[in-house]
S.K.: 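Input: one structure, supplied below.
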Number of protein chains: 2
Amino acid sequence: MLAYFCFMGRIKTTNSQVTRREIIIEKAAILFKEKGFKAASMREIADVVGVEAASLYNHIKSKNELLNIICFDVANRYTQKMEEVESSKLSSLAKIENLLRFHIDGMINHFEEVYVSDREWKHLDNPYLSNMQNQRRTYRKRFAAIIEEGVKKKEIKKIDVATAVLIMLHAIGGIESWHRSTQKITGAALEENMISFLIDGLKKI
Amino acid sequence: MLAYFCFMGRIKTTNSQVTRREIIIEKAAILFKEKGFKAASMREIADVVGVEAASLYNHIKSKNELLNIICFDVANRYTQKMEEVESSKLSSLAKIENLLRFHIDGMINHFEEVYVSDREWKHLDNPYLSNMQNQRRTYRKRFAAIIEEGVKKKEIKKIDVATAVLIMLHAIGGIESWHRSTQKITGAALEENMISFLIDGLKKI
DNA sequence: AAAATAGGCTAACATTTGTTAGTACAAAAA
DNA sequence: TTTTTGTACTAACAAATGTTAGCCTATTTT
């Protein structure tokens, strides 16, 4: 009876639709977030998953593949969102608000992945590394272009566009400290507060 | 003659007042910034310094000591600045502006250290780790208190204080991408742009 | 000039790391 | 039922890492 209990042939899939692979990726993201990519070892990931390190390789190709998956999952979502927003008929200010809300949502609801994607992408190996660098650069340019357009159309007050992009995208990273804080306001409230702070800084009075 | 040239008994101190120890710390900071603390090896640091890895230990106790020095150098400067600002007679808004300018200056002129201190402190070992956690928590609280005071005195518009702190401190981290950008505006211009964006978000109209 | 010190070097170490090979068994397919 | 497949395990490896020991020489002090 006890022996039967201790036999653990495979990872528990229980009932859900989540594959073993996805569980591993999810746990890896949590660990990468907590300790950083380099400091998190395959043995630690395996521990959390409840398996030996070697067993992970039945589901993934390498440690770096885990990082690839996490990073490009996030990056592709952002690129897709950018396309959606660009081709919309919204005003520049509304476009920016839309993107900001998307970022804030991501930081709140997919914290680990987004955080890892943002802080650990430097550890990607080529060709993924240069790919990611391009994707990030391009994203910032497109974001800047939207602001620029708003300034030209006089929807947005005259500011240095590069500085605005830099502030907005990094400010959102601050949600990390909201996660860590013990006395959290709700996610929705945080979103409104951030939007009001960041968007009001753009509006013409 | 050639032999004489190749003998390198010690690190070149050249003429300046910088000790070998300080050179090592400086180079370490650069590498920690570029690759992250865990990914930067003692052998790499030694390479950059122009020496064998083992030789580093004539000047420092351990790799972690390097991180300690870098992190607490920065943290202590911030604590000191906070004390100076708190005990000044400035308005709340002016206090905040003062602190922000200090942060921005730090990010521009002591980039490597500040960046490392901010992103890699998690790799400190105890008791330094908990020490740093306290110092950071305390700093944010004092920063928040200043804003809170400004709100009470109606110098600052009614905003969520925690959100404001989070945005401001993280926005400054964005200066990293200014460093990486090829077409930089001047540091002074960046400072003014950031201040105007962040401080105008606080002002009552 | 002699002695002491500082600080370089080589060699080696114990760990930790990512990863592979080979084996065994449970579930699914035949 | 038999076969095949998926997935876990143990054992092991090579490489990389932080660090120490011991030696040797240039510089400094006496």
Side-chain angles (χ1 to χ4, degrees), chain A residues 1 3-15 17-25 27-28 31-32 34-70 120 123-125 128, chain B residues 1-15 17-25 27-28 31-32 34-70 120 123-126 128:
Chain A
M1 198 57 181
Y4 178 77
F5 213 72
C6 288
F7 264 141
M8 36 167 69
R10 332 196 150 180
I11 295 178
K12 244 207 290 197
T13 315
T14 56
N15 34 24
Q17 295 293 53
V18 206
T19 69
R20 294 148 241 265
R21 191 164 199 267
E22 286 165 335
I23 292 175
I24 292 170
I25 295 166
K27 300 295 187 187
L31 263 173
F32 291 169
E34 275 168 4
K35 317 192 59 177
F37 175 72
K38 277 285 175 184
S41 75
M42 293 303 272
R43 282 165 180 83
E44 281 174 296
I45 296 172
D47 256 18
V48 174
V49 175
V51 98
E52 289 298 315
S55 304
L56 298 175
Y57 290 84
N58 285 319
H59 304 278
I60 53 135
K61 226 174 56 56
S62 68
K63 187 188 180 188
N64 260 279
E65 195 196 27
L66 285 170
L67 188 60
N68 291 344
I69 294 166
I70 294 167
E120 306 293 329
H123 297 106
L124 289 168
D125 41 15
Y128 301 97
Chain B
M1 200 54 183
L2 195 114
Y4 178 77
F5 213 71
C6 288
F7 265 141
M8 36 168 68
R10 330 192 152 185
I11 296 177
K12 241 206 292 194
T13 314
T14 56
N15 34 24
Q17 295 292 54
V18 206
T19 68
R20 295 149 241 262
R21 190 165 200 266
E22 286 165 334
I23 293 174
I24 293 169
I25 295 166
K27 301 294 187 188
L31 264 173
F32 290 169
E34 276 168 3
K35 317 192 57 178
F37 175 72
K38 278 284 175 184
S41 76
M42 293 302 273
R43 283 165 180 82
E44 281 175 296
I45 296 171
D47 256 18
V48 174
V49 174
V51 99
E52 289 299 316
S55 304
L56 297 175
Y57 290 84
N58 285 320
H59 305 277
I60 52 133
K61 225 172 59 58
S62 68
K63 188 188 181 190
N64 260 280
E65 194 196 27
L66 285 170
L67 188 61
N68 292 343
I69 294 167
I70 294 167
E120 306 293 329
H123 298 107
L124 289 169
D125 42 13
N126 274 316
Y128 301 98

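Residue numbers begin at 1 in each chain, while the letters A, B, ... track the order of the sequences.
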S.K.: Figure out the CD1/P separation between B:Ile23 and C:dG7, and round it to whole Å.
M.R.: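 Spelled out: CD1 on B:Ile23 to P on C:dG7 is 12 Å.
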S.K.: Could you list the residues that satisfy salt bridge (charged side-chain N to carboxylate O under 4.0 Å, His left out) with B:Glu34, not counting sequence neighbours?
M.R.: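 Partners of B:Glu34 under the salt bridge (charged side-chain N to carboxylate O under 4.0 Å, His left out) test: none.
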S.K.: Could you tell me whether the side chain of A:Asn58 has a donor or acceptor atom within less than 3.5 Å of a complementary atom in the base of D:dA8?
M.R.: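 Yes.
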S.K.: May I have the distance from A:Asp125 (atom CG) to C:dG18 (atom C1'), rounded to whole angstrom?
M.R.: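 Going from CG in A:Asp125 over to C1' in C:dG18 covers 13 Å.
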S.K.: So, using side chain to side chain contact (heavy atoms under 4.5 Å, CB included) as the criterion, who are the partners of A:Asp125 when residues are at least two apart?
M.R.: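 Checked A:Asp125 against side chain to side chain contact (heavy atoms under 4.5 Å, CB included); matches are A:Asn64, A:Asn68, A:Tyr128.
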S.K.: Nearest whole Å is fine: how far is C:dG18 P from A:Ile60 CD1?
M.R.: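 One finds 10 Å between P of C:dG18 and CD1 of A:Ile60, rounded.
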S.K.: Taking only residues two or more places apart in sequence, or in another chain, which ones meet A:Ala46 in a side chain to side chain contact (heavy atoms under 4.5 Å, CB included)?
M.R.: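 Partners of A:Ala46 under the side chain to side chain contact (heavy atoms under 4.5 Å, CB included) test: A:Val51, A:Ala53, A:Leu56.
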S.K.: Would you say the side chain of A:Glu65 lies within less than 4.5 Å of the side chain of A:Ile69, judging by non-hydrogen atoms?
M.R.: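 Yes, their side chains come closer than 4.5 Å.
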S.K.: When you measure from the side-chain N and O atoms of A:His59 to the phosphate of D:dA8, is any distance below 4.0 Å, counting only OP1 and OP2?
M.R.: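 Checking D:dA8 against A:His59, a side-chain N or O does come within under 4.0 Å of OP1 or OP2.
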S.K.: Between protein and nucleotides 14-23 of chain D, map the contacts as a letter string: B base, S sugar-phosphate only, - none, heavy atoms under 4.0 Å, written 5' to 3'.
M.R.: ---BBBBB--
S.K.: How long is the line joining CD of A:Glu52 and P of C:dT20, in whole Å?
M.R.: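 To the nearest whole Å, that distance equals 17 Å.
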S.K.: Taking atom P of C:dA6 as reference, at what distance in whole Å does atom CZ of B:Arg21 sit?
M.R.: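 Between P of C:dA6 and CZ of B:Arg21: 14 Å.
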S.K.: To the nearest angstrom, how far is A:Asp47 atom CG from D:dC9 atom P?
M.R.: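 These atoms are roughly 11 Å apart.
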S.K.: Applying side chain to side chain contact (heavy atoms under 4.5 Å, CB included), name anything that partners A:Glu22, two or more places apart in sequence or on another chain.
M.R.: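 A:Val18, A:Thr19.
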S.K.: Quick one: ring-ring contact (aromatic ring centres under 6.0 Å, His included) partners of B:Phe32, sequence neighbours excluded?
M.R.: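 Residues passing ring-ring contact (aromatic ring centres under 6.0 Å, His included) with B:Phe32: B:Phe37.
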S.K.: Using OP1 and OP2 only, check whether a side-chain N or O of B:Ser55 sits under 4.0 Å from C:dG7.
M.R.: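 No.
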